[in-house]
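The chain is numbered in sequence order, starting from 1. Order of listing sets the numbers, starting from 1, for every ligand and every atom in it.
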Amino acid sequence: MTSRLFHSALLRVTAIYLVIILMISLIFSFALYRVSSQEIDRGLSIKKIPTSQIIDPRRAEVIYELRETQQKLADEARIRLKANLLGLNLFILVSGGLVSYLLARKTLKPIEEAHEAQSRFTADASHELRTPITAMRIETELTLTEPDLDLKQAKDQLQSNIEELDKLNNLSESLLKLSNFENNGLVKEAVSVDHLINQAIERVTKKAQQKNQDIAAKNIVKSQLHVNQQSIVEAIVTLLDNAIKYSPNKSEIKVTTKKQKNNIQINIVDKGLGIDQNEQQYIFDRFYRADSSRCKTEDDCGYGIGLSIARTVAEAHKGTVSVKSTPGKGSTFTLQLPLS
Ligand code: ADP
């Protein structure tokens, strides 16, 4: 579908470019023909001798023949000029077609890429939405076919449905946020780094307390950033949320900052599960979950969308988000944002 759409758009844009090139070439050829034609006439015209001065009939015949020859030469020159211009326009038609095609490809490339990314995203998102919905449906059907279904089993089933619905709700909210961040420009304002970090910590404190984890903010620089507050807080919350999720109970999570020449680094350090070296490059991709076997069984695991939102937010601020991690020892996620 994408390629059919792209090809018809490519042909249309190629045709438009070609028509423009041909129009310019035809206008130019017409003007050239007019000017050259006038020049030919001027160059070949002989000074008119008044008929009264042509007394000698032989002289009159020579002049007449000369005029005839000149007229013929002028006509031939015009025909040659026309042929040359026709050849030139045919050449421009062929080479212009090729140039138009290449130009059209270049023009449409970013649109094609965006369209492909959008289609991939829709396919991935619908797959992610379908999986829990199917699971929920099968579970509910099985419960309904249970002949001796008691109240507790029914309640358990309903509770499990609510949990799945909550997760689906979170996923759809995340997808909406992602598309908002990608499609709308972010309104930026001056905010202090510690204010951003404090807001994020406040949002996850309850979750950390449930796992008896302590979140310590250390060495927070006293700097201001020009950012979209809501989205940056959201990105820090995602990193903290993951640190909580993927670290054992009672472990410590640290938030530190570092001021560099042109940017500020916000580090979220955990002593959790860590991430395999070969998986680290993929965890920022949409719907990617490292160590999927673990995530398939645990309720706590998300949909692999949080880090891709964090990356989108960082990039919208001309910043980056990166990870250093050792399996079994922990991870450090770094959100780097430019100072100016
Ligand atoms: P999810 O909602 O699955 O956590 P994310 O996009 O936030 O999605 O993260 C992608 C994957 O990266 C996670 O599934 C997890 O395997 C891994 N991950 C992210 N943060 C951490 C962390 N602090 N420690 C260990 N693994 C992590």
Side-chain angles (χ1 to χ4, degrees), residues 117 120-121 124-125 127-129 131-132 135 163-179 181-182 197 200-201 203-205 207-208 210-211 213-217 231-256 265-316 320-336:
R120 240 187 350 259
F121 175 62
D124 287 351
H127 173 78
E128 293 299 320
L129 287 167
T131 311
E163 278 162 20
E164 282 301 333
L165 287 172
D166 279 347
K167 282 175 78 179
L168 282 171
N169 193 34
N170 287 344
L171 174 64
S172 63
E173 271 175 19
S174 301
L175 293 176
L176 268 178
K177 265 183 224 158
L178 190 60
S179 96
F181 291 149
E182 281 179 350
I197 290 172
I201 292 179
R203 294 246 310 260
V204 296
T205 301
K207 251 188 197 167
Q210 282 165 1
K211 288 184 81 174
Q213 291 164 333
D214 181 41
I215 302 179
S231 65
I232 293 293
V233 171
E234 201 69 54
I236 303 172
V237 165
T238 298
L239 300 180
L240 284 171
D241 205 44
N242 281 346
I244 295 169
K245 244 182 348 193
Y246 302 113
S247 299
N249 288 353
K250 296 185 183 161
S251 62
E252 194 198 38
I253 294 159
K254 271 192 299 187
V255 183
T256 63
Q265 284 185 352
I266 301 173
N267 303 304
I268 283 81
V269 189
D270 70 54
K271 292 185 182 133
L273 298 166
I275 305 154
D276 274 352
Q277 187 72 33
N278 53 359
E279 288 191 294
Q280 289 175 19
Q281 56 180 313
Y282 302 116
I283 57 171
F284 298 97
D285 294 348
R286 277 173 192 160
F287 304 118
Y288 188 86
R289 277 158 283 180
D291 190 6
S292 48
S293 53
R294 182 191 74 218
C295 274
K296 266 179 191 150
T297 52
E298 282 187 18
D299 273 354
D300 218 13
C301 289
Y303 283 91
I305 193 100
L307 287 181
S308 76
I309 297 182
R311 185 177 61 179
T312 304
V313 168
E315 284 172 358
T320 56
V321 56
S322 56
V323 64
K324 279 194 183 126
S325 183
T326 312
K329 291 202 167 156
S331 314
T332 298
F333 280 83
T334 301
L335 176 64
Q336 183 166 301

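Short contacts between ligand 1 and Ile305, defined as distances under 4.0 Å to a heavy atom of the residue, involve ligand atoms 6 (O), 8 (O). Less than 4.0 angstrom separates some heavy atom of Lys245 from each of these atoms of ligand 1: 1 (P), 2 (O), 4 (O). Every atom of ligand 1 is numbered from 1 in the order shown, and the set under 4.0 Å from a heavy atom of Ser331 is 24 (N).
Under a 3.5 Å cut-off, the side chain of Lys324 and the backbone N or O of Thr334 do not form any donor-acceptor pair. Within the 3.5 Å criterion, the main-chain N or O of Ile275 finds a donor-acceptor partner in the side chain of Ser325.
Taking the six-membered ring where tryptophan is involved, the planes of Tyr282 and Tyr288 are tilted, since the angle between them lies from 30° to 60°.
For the pair Ser247 and Gln213, the tightest heavy-atom approach, listed with the atom from each and the gap, is O-NE2, 3.2 Å.
With Ile275, Leu307, Leu171 as candidates, the residue nearest to atom 26 (N) of ligand 1 on a non-hydrogen basis is Ile275. Looking at Phe287, Tyr288, Tyr246, Tyr282 and measuring to atom 13 (C) of ligand 1, the nearest heavy atom belongs to Tyr246.
Annotation: side chain of Arg203 is in contact with side chain of Glu234 (closest heavy-atom distance under 4.5 Å). Here the side chains of Ile305 and Phe287 are in contact, with some heavy-atom distance below 4.5 Å.
Residue contacts with ligand 1: Gly306 is placed with a nitrogen or oxygen under 3.5 Å of a nitrogen or oxygen of the ligand (distance criterion only). On a distance-only criterion, Arg289 and ligand 1 share no N/O pair closer than 3.5 Å. Not a single N or O atom of Ser308, backbone or side chain, sits closer than 3.5 Å to an N or O atom of ligand 1.
A distance of 11.0 Å separates CG in Asn242 from CG in Leu273, rounded to the nearest 0.5 Å.
Heavy-atom distances between Phe284 and ligand 1 stay at or above 4.0 Å for every pair.
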